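What you see below is based on every heavy atom in this structure, not just the backbone, and it leaves out hydrogens, waters and symmetry mates. Throughout, protein chains are lettered first and strands after them, A, B, ... in sequence-line order, and every chain is numbered starting at 1. Since the model is a prediction, treat every value here as computed from it, not as a measurement.
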Amino acid sequence: MATVPKPTQATGSVTRQALADPAPTPERVLALAQAGGIVPSDAAAQRIANAIAPACRAFAAVRVDLPFAAEPADYIRLRDGEEHR
Amino acid sequence: MSPKMSSTRQAKPRPGKAMAVAATRKRDLTVALEPHDWTMLQALDALRSKRISALELTDHCLKRLEVVGQRFNGVLEIEAARARAAARAADGVRAKAGKADKGLPTLLGLPLAHKDMFERKGKIMSCGARQIMPKAKADATVLARLADAGALYLARLHLSEFAYNPTGHNAHDGPALNPWDPARITGGSSSGSGVAVASRCVFAALGSDTGGSIRLPAHFCGITGLKPGWGRVSRAGAMPLSFSHDTIGPLARTAEDAALILQMIAGYDPRDATTGRAALPDYLAACRAGAKGMVVGSALEALLALLKRLGVRTCKIDLPDTAAINAASQIVLSVEGATAHANMMRETPELYGPQVRARLENGFAYSAVQYLEAMRYRGVALERFLNATQAVDAVLAPVAASPAPGIAETDVGASPKAESVIQRITRTMRPINFLGLPSLALPIGFSAQGLPIGAQLFGRPYSEDRLLRLGGDIQRASDWHLRSPVAN
């Protein structure tokens, strides 16, 4: 009987770190902002990177554990389940 | 303007005497108090019993808006002629009905004024900004519902630029000044609504709450603010900031007043696909039902003794993931704000004040993956919250970490410390917006400096009636909400 290889789990800290977003550098900020159609100055890009870094870090702690099938509409289903509580 | 005005009355709390004081005030009310000291329900009773006409009451409120409201920079424009004409019409309707006035609109002849971010047919809302919005093609649903209920519109009120600031600063219109101490902030972004209600210019005012903009002015100005759950009140015709966070609700003097306004504006609206179809409870009846037997989880000790006296059971509660929820909320709000403003940010960024422009720029720097992961997380986080609150009717929590801070110390513009100042003020606000929960902010005492302090009761989706039940009972047993910052 052929053996089915077990899926490997991404449990190592290095893998988890890799799943998390890289720190928002000014270069990354500039690229994203330009893609959105605005052009911040270099100083502004640095300011933005500093401003959003705490939220990126804090959210990275939970994003790695998001269920595979989670989707935004789950929120509406759960909210409306409360209508008749 | 002197920082401490001579007319400012800063009553200190008198623990243990709250119930007696409230009872005394109730007995004396219609004899001793001026019309602006009435609660909204008392004003409506006076209109119904013809002790005052809508025109007289409107003139009284217009005068207060001119003198008091403008002193605290809470008013953008007073619409006296239009309001007086509407008041005369309301008086005509009431006179024609004679004694058979049962079928008259609930708020007939009631003077109100609102944060200037709701569309009115043929008019331009300022949004507290320099950009010129197009003329509105229809009234915002909330204003249409208030007008159908007979309410009058007296003035457009101050707000933070595009409702995107929690302090009440506005780079174009200047800061709104706290009626308890004009050197301090009102909280924002519903700053003018906070001023107008706290300084007794109008009986209630609409605000919006995307990250605390109803609850913060309620806390800092010593009034009651009700942030409905997401989907309970239509946002059609209201200025958007973050479509998954935006809510609209009343600021008023009492929970009962807020309950009646909510009754008038809540419910399904085909113009707003996020509104739920659940039947509306009788919010005023809920507010009067008494809180005995309810269970409140608390992260705040100050109110526990009073709640226990009212027959409410309390317990400690640990809410999951608040740091992550705050972070996700910041991502979602930033990106949705940037999206709503994308065209104006591309074409006329120079028209924004420095802080709002900087905050909108932040929203362009998150990736689509980050935004959608935060939105995927919303359901996960709500489910965890629902599991954590299975056994309670509401959760009691602070609104902000301190009473109103100074205007100068919070005037941070786009400086590097701006984001941390904003995060500090809104820390206990945003999780509730991200989860779309209803929250009732109400006064619970005063600081040693005589500044009002509020607390918030928040609960599961569609539990506004339970929050009002608690709030009504708390206010029947206390007088914090009856204290006024401005002498007659």
Side-chain angles (χ1 to χ4, degrees), chain A residues 10 16 18-85, chain B residues 229-231 244 274 276-279 321 323-331 334 338-339 342-343 345-347 349 357-370 372-383 385-386 414-416 418-420 423 435-437 460-463:
Chain A
R16 287 193 151 231
L19 284 169
D21 239 24
T25 61
E27 294 75 23
R28 179 180 147 94
V29 165
L30 271 177
L32 283 165
Q34 284 171 357
I38 66 166
V39 188
S41 65
D42 288 350
Q46 181 66 61
R47 179 198 58 74
I48 295 167
N50 292 339
I52 71 172
C56 292
R57 272 198 302 273
F59 186 60
V62 294
R63 64 187 290 200
V64 293
D65 290 324
L66 278 175
F68 183 52
E71 61 167 293
D74 291 339
Y75 173 84
I76 301 285
R77 176 179 54 78
L78 287 156
R79 182 199 72 175
D80 288 350
E82 291 290 301
E83 276 186 14
H84 306 294
R85 184 174 185 260
Chain B
W230 189 72
S244 56
T274 68
R277 291 176 181 269
D321 304 335
I325 291 173
N326 246 319
S329 173
Q330 187 179 339
I331 293 168
S334 298
T339 309
N343 287 332
M345 280 291 286
R346 290 173 194 134
E347 291 163 12
R357 180 174 173 178
R359 297 186 74 195
L360 289 171
E361 284 174 344
N362 292 350
F364 283 84
Y366 295 104
S367 71
V369 173
Q370 281 175 308
L372 283 169
E373 283 189 318
M375 288 300 284
R376 290 174 66 220
Y377 175 59
R378 202 172 177 214
V380 174
L382 179 60
E383 190 161 32
F385 172 82
L386 295 177
S415 75
E419 198 60 36
S420 66
Q423 293 303 320
L435 299 175
L437 308 174
R460 300 161 75 95
Y462 298 112
S463 68

(request) Could you go through the side-chain contact (heavy atoms from CB on, under 4.5 Å) check for A/E82 and B/S463 one step at a time? (result) CA-CA 9 Å; A/E82 291 290 301; B/S463 68; over 6 Å; no
If I measure from the heavy atoms of chain A, does [X] come under 4.5 Å with its side chain, its backbone, both, or neither?
X: B/I325; result: neither
X: B/A414; result: backbone
X: B/Y462; result: side chain
X: B/Q330; result: side chain
X: B/A342; result: neither
X: B/A358; result: both

Restricting to non-hydrogen atoms, name the atom on [X] and the atom on [Y] that form the minimum distance, rounded to 0.1 Å.
X: A/V62; Y: B/A324; result: CG1-CB, 3.4 Å
X: A/A55; Y: B/A327; result: O-CB, 3.4 Å
X: A/R79; Y: B/G231; result: NH1-CA, 3.5 Å
X: A/Y75; Y: B/G436; result: OH-CA, 3.2 Å
X: A/A51; Y: B/N362; result: CB-ND2, 3.8 Å

(request) Count the heavy-atom pairs under 4.5 Å between each of B/G276, B/S244, B/A278 and chain A, then report the option with the highest count. (result) B/A278
(message) Which one wins on heavy-atom pair count under 4.5 Å against chain A: B/M345, B/R359, B/M375, B/E373?
(response)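 The candidate making the most pairs under 4.5 Å is B/E373.
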(message) For the interface with chain B, which of A/A44, A/A49, A/G37 has the highest count of heavy-atom pairs at distances below 4.5 Å?
(response)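 Maximum pair count with chain B is reached by A/G37.
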(request) Flag the one option from A/V29, A/I38, A/I48, A/D74 with the top tally of heavy-atom pairs under 4.5 Å to chain B. (result) A/I38
Measuring from atom [atom1] of [X] to atom [atom2] of [Y], what distance do you get when rounded to the nearest 0.5 angstrom?
X: A/N50; Y: B/S420; atom1: CG; atom2: OG; answer: 11.5 Å
X: B/L372; Y: A/R63; atom1: CG; atom2: CZ; answer: 11.0 Å
X: B/Y366; Y: A/L32; atom1: OH; atom2: CG; answer: 11.5 Å
X: B/T274; Y: A/I76; atom1: OG1; atom2: CD1; answer: 7.0 Å

(message) Taking side chain as everything from C-beta outward and backbone as N, CA, C, O, which of these in A/R47 sits under 4.5 Å from a heavy atom of chain B? Side chain, backbone, both or neither.
(response)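 A/R47 touches chain B through side-chain heavy atoms alone.
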(message) With a 4.5 angstrom heavy-atom cut-off, is it the side chain or the backbone of A/E71 that approaches chain B, or both, or neither?
(response) backbone
(message) For the backbone of A/G36 and the side chain of B/R346, can you confirm whether one donor and one acceptor N or O come within less than 3.5 Å of each other?
(response) yes
(message) I'd like to know if the side chain of B/R376 reaches the main chain of A/P67, judged simply by a donor and an acceptor atom lying under 3.5 Å from each other, with no hydrogens or angles considered.
(response)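 Checking the backbone N and O of A/P67 against the side chain of B/R376, a donor-acceptor pair under 3.5 Å is found.
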